[in-house]
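Numbering starts at 1 and runs along the sequence shown.
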Amino acid sequence: DPNATRLHLLGLYPMTGSFAGGEAFLPASQLAAQDVNANPDVLPGYQLVIKPLDTKCDGGTATDVMYRELYNTTTTKIMIIGAGCSLGTEPTAQASHHWNLIQLSYSASSPELSNRDRYPRFFRMFPPESVFNLVWLAVIKEFKWTKVATLHQSVDLFSLAMSDFQEDAKAMGIEILAAESFVDNPIIQVENIKNTGARIIMGNFYPNMARRVFCAAYHHQLYGAKYVWFVPGWFEALWWRKPDDSIDCTVDQMDEVVAHTFQVNIIALPTGRNKPSKMGVTTEVFTRRFHDFVGNGAELLTSYKECALGYDSVWAIAFALEEAEKQLQALDTPRSLSDFTYTDNVTVDILFRILSDMQFEGVSGPVKFDDKGDRICLLDLHQIRDHQSVLVGIVDTTTGTGNDLQLDGYQPIHWPDGVPPIDFIRVREDKQTIKYPIFVTGVVFALLGIVLACCFLAFNIRFRTTRVIKMSSPNINNLMLIGGMLAYVSIIFLGVDVNIASTDTFVFMCKVKTWLLTIGFSTAFGAMFSKTWRVHKIFTNKTAMKLDLQDSRLCSFIAALVVVDVIILSIWTATDPVKATKMQGTKVVDPDEDDIVYIPIRMMCESSNQTYWIGAFYVIDGLLLIFGAFLAWETRKVSIPALNDSKYIGICVYNILILSLIGAPVSFILEEQNALYVLQAALIWLAATLTLCVVFIPKIRKRNDVNPTQSTMVSRVAQSEGSTSVVDTQNEVDMQRELQRLRQENIRLKNKILLGQSSTTLD
Ligand SMILES: NCCCC(=O)O
C-alpha cells in the first residue's frame, strides 16, 4: 500500500563473530515483514520496515550501532528486533528501555536476560540456555550416569547455564567430577577433565570455541566410544568443519572427534506438523517460501533451523503493534502508533502488556512468553552421525509433566560399543601384601643373621680368656651381639602383614618390630661406643689414679640408653597407639581394559603423630652416632688393634649413615609393599651384618696375636675391667709396678719444681 505509514524496526543481527546466525535470521525476518506487509488483515494502514545493523556478536559494536541509529537518524524506531547473540543483546536490552522501546530477540539465550529488573522491556523467542539442562539431566537419568564433568566458556550465556546445571545435577545426586571454564583457550581444561577420568562431558561454548575444545579433545584422546559429549544444538550445521586457523586439527580429525556428540536445541521447525500458523503458514510452506526468498535458502535453513524464530518474531511484533494500535485508538485521547516518540511510555506499556499475554501458533510452534519474557517451547536431542545431526529424542517442557526424555518414535541413539558407555572408570582395590616367597626369604636371611650372631657369641664366650678377646671387652661384645639379634628378629616381624595374620596380630607385630629395632640399635651401638668411651677415658687420663671403668659401668650406660628408648616407646604406645590404616597408592589403569583402574591398598600400622616419635628416635640415635664417631676420632691414635675399635666404629657409623640416607627417602617414595619390605629388611640386615662382621671378624683373625710391647697397656685396660686372670705374669706385674713408680716419681718431681718456683717468687 503506497499510502501505508511506515513503522520502523531497528534490527540487530550478528552477521559475523562467535555466532553469525544473522545471515539466516535476517532473511527470515525480512520474509516475515514482506508477508505482514502483503497481508491486508494484519496491521492495516501500516508497513513494517526493518533497519538491519550488524552487531558482529559483540557488545561494543551492538551498543555503538544502536546508539548511532537512535540518535542520528530521523526515523523513529517503534521496536527493536534482536540481537541474535547474547553478547550483543545484554548491553542493548539494558539500554533500549530508556528510549521506551520494547526489544524482542529472536535467539539470544543468556539466562541473564531473564532478569526483569535489568531488562524490563525485553522479550525473546528463544528460551534461556539453562532450559537445555532439562534435556541433559533427562539423558543422564535415562542412562543412569552419576558422574559428569562440565566445561564452559566464561561468558554469562554459558556460565549461568552451567551453574544452574551443576546445582540441579547435585540435587539429583549426580557428582560433578570437574567443573572447568575457559576464556579462549580450553587446552588445560580439557586435559584436567581427562585426568579426572570423567566420561560424560557437558559442554557450553560458542561454535568457534567448540572447534578449539574438540581439537584439544582430539589431542588428549578425550573422545571415542567411551566418551559422551553434549554441546548446544543451535550451532550452524557442520560447525566443526569450518575453516579455522586457530586449531591444528584436520577436518578428518574433527569428523572423528565429534562423532556421536549430542546436541540439544529447541524444536524450531517441527517436522510433520501440518497445523498452519496463525498466519496460515505451515512449517512446510515456510521452508519452501524461505528457499524461494533466499538464494541459498536450503543451505541456510539446514544451518540455522531456528531462523523460523526470526520469522515468528516479526509476526509477534506485527500482532502486538496491531493490537496496540487498537488500544491506542480506544484511549480517551485517541492516538496511533505513528505518534510514537522515545518519550512515549504509554505505548510501550501497552505493547509490553500485549506481548506478555500473547499466545499464537507460529511456524516454530506455539508462541508464548513466560513472566520473564522467555519463550516456552519443545526441546530436542540430536546426535551427530556421519556429518549429520540426527533427531533421537525430545523433551516437552510445555506440559509440565516431568520433563522426561522421549526416545520412542525417533532414530535410535547410536552407541559405538553397542551399549551406553559407563560414566566413570571402574575403580578396584588392589590389596598389596607381602608375597610368601619374599617373606620366607626375609625370614631365612634373618635366621642366617641370628646364626651368625650366635657364632660370634660362641666365639666370644669360647675365647673370652684369650688376650685379644679379653682386651676387647667380651661382655660388652655380647651385648652388641644381642642388639644385632634383636634387629634380625625385627626383620621377621616386619614381614608379617594382614595376608598371614589377623589385623590385631599385624598391629601387635608392628609394635614389637618397632621395640625390637629401637632397643636393638641402642644396645648394639651403645655397647660399641661404651667400649670406645672406656679406651678414650684411659688414654686421656692425666692422673695415676686407677680408673673405675669396669664392665658394670659400661652396662649402666647401655641400660640408660635402653631405658630412654623404653620410656619413649611406652609413652608412644600409651598416648598415640599405632593402628592398622588403609593407605591408597597411585591409581594404575589396567593395561588390557582402560575402563578399570586399580588402586593399590596397603595395610599400614601408623599412629597419628608417629612422625614426631620417629623423629625423636632419629635425634637420639643420631646423637649416639655422632658421639660414637667423636670417640672413634679421639682414639684413632691408640695403636693397640686388639683394644681399639675406633677404625671399625668409623666404618660402622659410615655404613649406618649411608644405609639410612638411601633407605629413608626411598622408603617414602616406594609404594609397592613387597619392594618396600625388601628394601627395609635388606637395610636392617645389611646394617646389622656389616656392623657385627666389621667388629668381630678382625677379632677372629687376630685371636692368637700377642704383642709384648703393648702389654703394659693391656694390663692397664685389664685392670680397668677388674680382671685378674690374664695379666698376672710376673713380667707384666713388674712392668706395671715400674710404670706406677715412674708416674709417682714424675708427679713428685713436678711438684718439687712448682714449689721451687713458688719459693723463688716469695724470695
Ligand atoms: N541461541 C543462541 C544464540 C547465542 C547467544 O545467545 O549468544
Side-chain angles (χ1 to χ4, degrees), residues 132-151 169 172-178 190 193-203 210 213-233 235 237-241 249 251-265 271 379-395 403-428 587-598:
F132 299 130
N133 296 343
L134 295 170
V135 184
W136 286 1
L137 291 168
V139 180
I140 288 169
K141 192 170 142 199
E142 176 76 23
F143 296 110
K144 300 184 173 56
W145 291 320
T146 56
K147 294 175 203 288
V148 301
T150 65
L151 175 63
M172 277 175 62
I174 293 158
E175 188 183 346
I176 309 291
L177 294 171
V190 167
I193 289 176
K194 172 85 183 187
N195 292 338
T196 63
R199 299 295 176 87
I200 315 298
I201 304 148
M202 327 308 291
V213 167
F214 279 90
C215 185
Y218 179 82
H219 290 307
H220 285 104
Q221 309 271 295
L222 198 68
Y223 71 99
K226 293 182 190 307
Y227 294 93
V228 181
W229 279 89
F230 287 80
V231 296
F235 294 179
L238 300 177
W239 50 270
W240 65 93
R241 290 183 140 221
C249 291
V251 170
D252 287 346
Q253 289 168 343
M254 292 299 281
D255 280 346
E256 194 181 337
V257 71
V258 300
H260 311 111
T261 292
F262 286 103
Q263 293 198 270
V264 183
N265 201 1
T271 47
L379 307 172
D380 63 22
L381 176 71
H382 283 77
Q383 193 183 26
I384 297 174
R385 279 187 225 162
D386 302 326
H387 318 154
Q388 300 283 323
S389 184
V390 179
L391 181 66
V392 292
I394 67 155
V395 171
N403 302 329
D404 283 335
L405 179 66
Q406 297 169 32
L407 295 171
D408 291 343
Y410 302 94
Q411 289 275 323
I413 293 175
H414 178 72
W415 302 112
D417 276 350
V419 287
I422 54 173
D423 56 357
F424 190 65
I425 39 182
R426 298 276 175 259
V427 179
R428 301 217 173 124
K587 291 173 187 165
V588 183
V589 179
D590 188 324
D592 303 323
E593 175 56 84
D594 66 359
D595 274 344
I596 300 174
V597 71
Y598 290 100

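- The minimum heavy-atom distance linking A149 with I193 is given by the pair CB-CG2, 3.9 Å.
- Side-chain contact check for W415 versus V228: some heavy-atom pair is nearer than 4.5 Å.
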Q.
Pair I176, V148 - check side chain to side chain contact (heavy atoms under 4.5 Å, CB included), show working.
A. CA-CA 5 Å; I176 309 291; V148 301; 3.8 Å; yes

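- The distance from the CZ atom of R199 to the CG atom of L177 is 11.0 Å, given to the nearest 0.5 Å.
- The shortest non-hydrogen separation linking L238 to H387 is CD2-O, 3.3 Å.
- The backbone N or O of G393 sits nowhere less than 3.5 Å from a side-chain atom of Q406 that would complete a donor-acceptor pair.
- Between V213 and W229 there is a side-chain heavy-atom pair separated by less than 4.5 Å.
- For H414, the ring-ring contact (aromatic ring centres under 6.0 Å, His included) partners are H260, not counting sequence neighbours.
- Under a 3.5 Å cut-off, the side chain of W136 and the backbone N or O of A169 do not form any donor-acceptor pair.
- Under the salt bridge (Lys or Arg N to Asp or Glu O under 4.0 Å) criterion, D255 pairs with R241, not counting sequence neighbours.
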Q) Are I201 and V190 close enough, and set up right, to give a side chain to side chain contact (heavy atoms under 4.5 Å, CB included), and what steps lead you there? A) CA-CA 10 Å; I201 304 148; V190 167; over 6 Å; no

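- Going from atom CZ of F132 over to atom CZ of F230 covers 14.0 Å, rounded to the nearest 0.5 Å.
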Do any side-chain atoms of residues 420-428 form donor-acceptor pairs under 3.5 angstrom with protein atoms, and if so which ones, sequence neighbours left out?
unit_1 : atom_1 : unit_2 : atom_2 : d
D423   : OD2    : T146   : N      : 2.5
D423   : OD2    : T146   : OG1    : 3.0
D423   : OD2    : K147   : N      : 3.0

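- The shortest non-hydrogen separation linking I384 to V258 is CB-O, 3.9 Å.
- By the 30° and 60° cut-offs, the orientation of the rings of F143 relative to W145 is tilted.
- Between P232 and Q263, the closest heavy-atom pair is O-NE2, 2.7 Å.
- F262 is listed as a side-chain neighbour of I413, based on a closest heavy-atom distance under 4.5 Å.
- The nearest pair of heavy atoms linking P412 to V392 is O-CG1, 4.2 Å.
- The shortest heavy-atom contact between Y227 and A198 is CE2-O, 3.3 Å.
- Checking side-chain atoms of K226 against main-chain N and O of D595 turns up no donor-acceptor pair under 3.5 Å.
- Expressed to the nearest 0.5 Å, how far CD1 of I394 lies from CG of D408 amounts to 11.0 Å.
- Residue-environment remark: CG (D386) stays at or below the threshold of 12 foreign heavy atoms within 6.0 Å.
- The structure places CG of L379 at 11.0 Å from CG of L405, a figure rounded to the nearest 0.5 Å.
- Atom CD1 of I200 and atom CD1 of I140 lie 8.0 Å apart (nearest 0.5 Å).
- Annotation: Y218 is not in aromatic contact with W240 [ring centroid separation under 6.0 Å not met].
- Of the inter-residue distances, the one linking Q388 atom CD with Q383 atom CD reads 12.5 Å to the nearest 0.5 angstrom.
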